[in-house]
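This report refers to the structure that appears directly beneath it.
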Protein chains: 2
Amino acid sequence: MTYHVYTDGACRNNQAPGGQPGGWACVFVDGPEYSGFDPRTTNNRMELTAVIEALKHTEKGAEVVVHSDSAYVINAFLQNWFQGWERRGWKNAKGDPVENQDLWKTLRQLVEERRVTWIKVKGHAGDRFNERADQLAVEAIRQGLGGKDTH
Amino acid sequence: MTYHVYTDGACRNNQAPGGQPGGWACVFVDGPEYSGFDPRTTNNRMELTAVIEALKHTEKGAEVVVHSDSAYVINAFLQNWFQGWERRGWKNAKGDPVENQDLWKTLRQLVEERRVTWIKVKGHAGDRFNERADQLAVEAIRQGLGGKDTH
RNA sequence: CGACACCGCUUACU
DNA sequence: AGTAAGCGGTGTCG
């Protein structure tokens, strides 16, 4: 049995500094949906969190196909960014500390315990499950903010 | 009377080897603007060229305040890299030949004929004149490439 | 090792 | 039209 899951993250006013309200969601094909909220985060943290939460809802050793529109997440595994990060002591190509190390380490652990296949989907391109995940992530922000922004 | 001039260089596809299309620009405060194009160059050559062209538009003996975001250019004068280069026969600290010697020698000549003050500005930090020089340098590349890339 | 630029790419938002 | 979060690299020097 193989899990197929679509993940997405969203972050309001992502151009503002210091972190902003964000939401994440994961949608299992023919399965459950999960979503969550963070009052102070970034778009990339939400994308990472969405995948982490998805994998947490599968058992160790499971076969999982993860669909995400985040090149940040997908390419880290497809291009094995970890190799360079560890060689440089968790510094990126510019020499600065890798961002979101906490989430990256959690995610890699979950991935190593499973058989994960990565699928890059194009955002806002009509994919039904991706659109659903996007919708849930945005909805999570509204609910997290107290539902006062149903506009 | 003192000239205040902002300079900048740009180079497309700077990650590719062998030189790429580049542009330079200099903006005189309360004065004219100049820009130019080179079909095969590097980012640092464009930064150097921008200053050279700026000084060429001032008279010998003039007092000039040069604003640049390039530590490569600024530190050469503030830290007097020339001293070491000449002592070693135009070799750098690693023992390799100094790059861009043609431009360095032209620039030093122009500087010696004037009273130049060097100001290091932070790139892309909202400085109005620095942004303007950047814009002109990028525009020069487009025009140099034939204006076919107005996308 | 340090520094400053220059670029390429993707996503997220306004 | 623009900005932010993030990654990969080269150009150059001490």
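In what follows, chains are A, B, ... by sequence order, proteins preceding strands, each numbered from 1.
When the side-chain nitrogen and oxygen atoms of K120(B) are compared with OP1 and OP2 of A3(C), none of them lie within a distance under 4.0 Å. Taking side-chain N and O atoms only, T42(B) has no distance below 4.0 Å to OP1 or OP2 of dT10(D). Residue H124(B) places at least one side-chain N or O under 4.0 Å from the OP1 or OP2 atom of C6(C).
Atom CH2 in W24(A) sits roughly 19 Å away from atom C1' in U11(C) (whole-Å rounding). A straight line from CD of E47(B) to P of dT10(D) spans 19 Å, rounded to a whole angstrom. Distance N43(B) CG to dC13(D) C1': 12 Å, rounded to the nearest Å. Atom CH2 in W104(A) sits roughly 16 Å away from atom P in dA5(D) (whole-Å rounding). Taking atom CG of residue L145(B) and atom P of nucleotide C7(C), one finds them 13 Å apart after rounding to whole Å. Rounded to whole angstrom, the span from the CG atom of D8(A) across to the C1' atom of C13(C) amounts to 12 Å. Q135(B) has its CD atom 13 Å from the C1' atom of dG2(D), to the nearest Å. Atom NE2 in H67(A) sits about 18 Å away from atom C1' in U11(C), given to the nearest Å.
The stretch residues 68-98 of chain B touches RNA chain C through D69(B), S70(B), A71(B), each having a heavy atom under 4.0 angstrom from the strand.
A salt bridge links E86(B) to R108(B): one of the charged nitrogens lies within less than 4.0 Å of a carboxylate oxygen. Here R142(B) pairs with E139(B) in a salt bridge; the nearest charged N to carboxylate O distance falls below 4.0 Å. A salt bridge links R132(A) with E33(A); the closest basic N to acidic carboxylate O contact falls under 4.0 Å. A salt bridge between R88(B) and D96(B) is absent, with no side-chain N of the basic residue lying under 4.0 Å from a carboxylate O of the acidic one.
Taking the six-membered ring where tryptophan is involved, the planes of Y34(A) and F28(A) are perpendicular, since the angle between them exceeds 60° and thus also 30°.
When heavy atoms are screened at a 4.0 angstrom cut-off, G22(A) is found touching no nucleic acid atom at all.
Contact annotation: side chain of N44(A) to base of dG6(D), donor-acceptor pair absent below 3.5 Å.
The distance between the ring centers of W104(B) and W85(B) falls below 6.0 angstrom.
The shortest non-hydrogen separation linking V98(B) to N92(B) is CG2-N, 3.8 Å.
For the pair K122(B) and A10(A), nearest-nucleotide mapping onto RNA chain C gives the more 5' position to K122(B).
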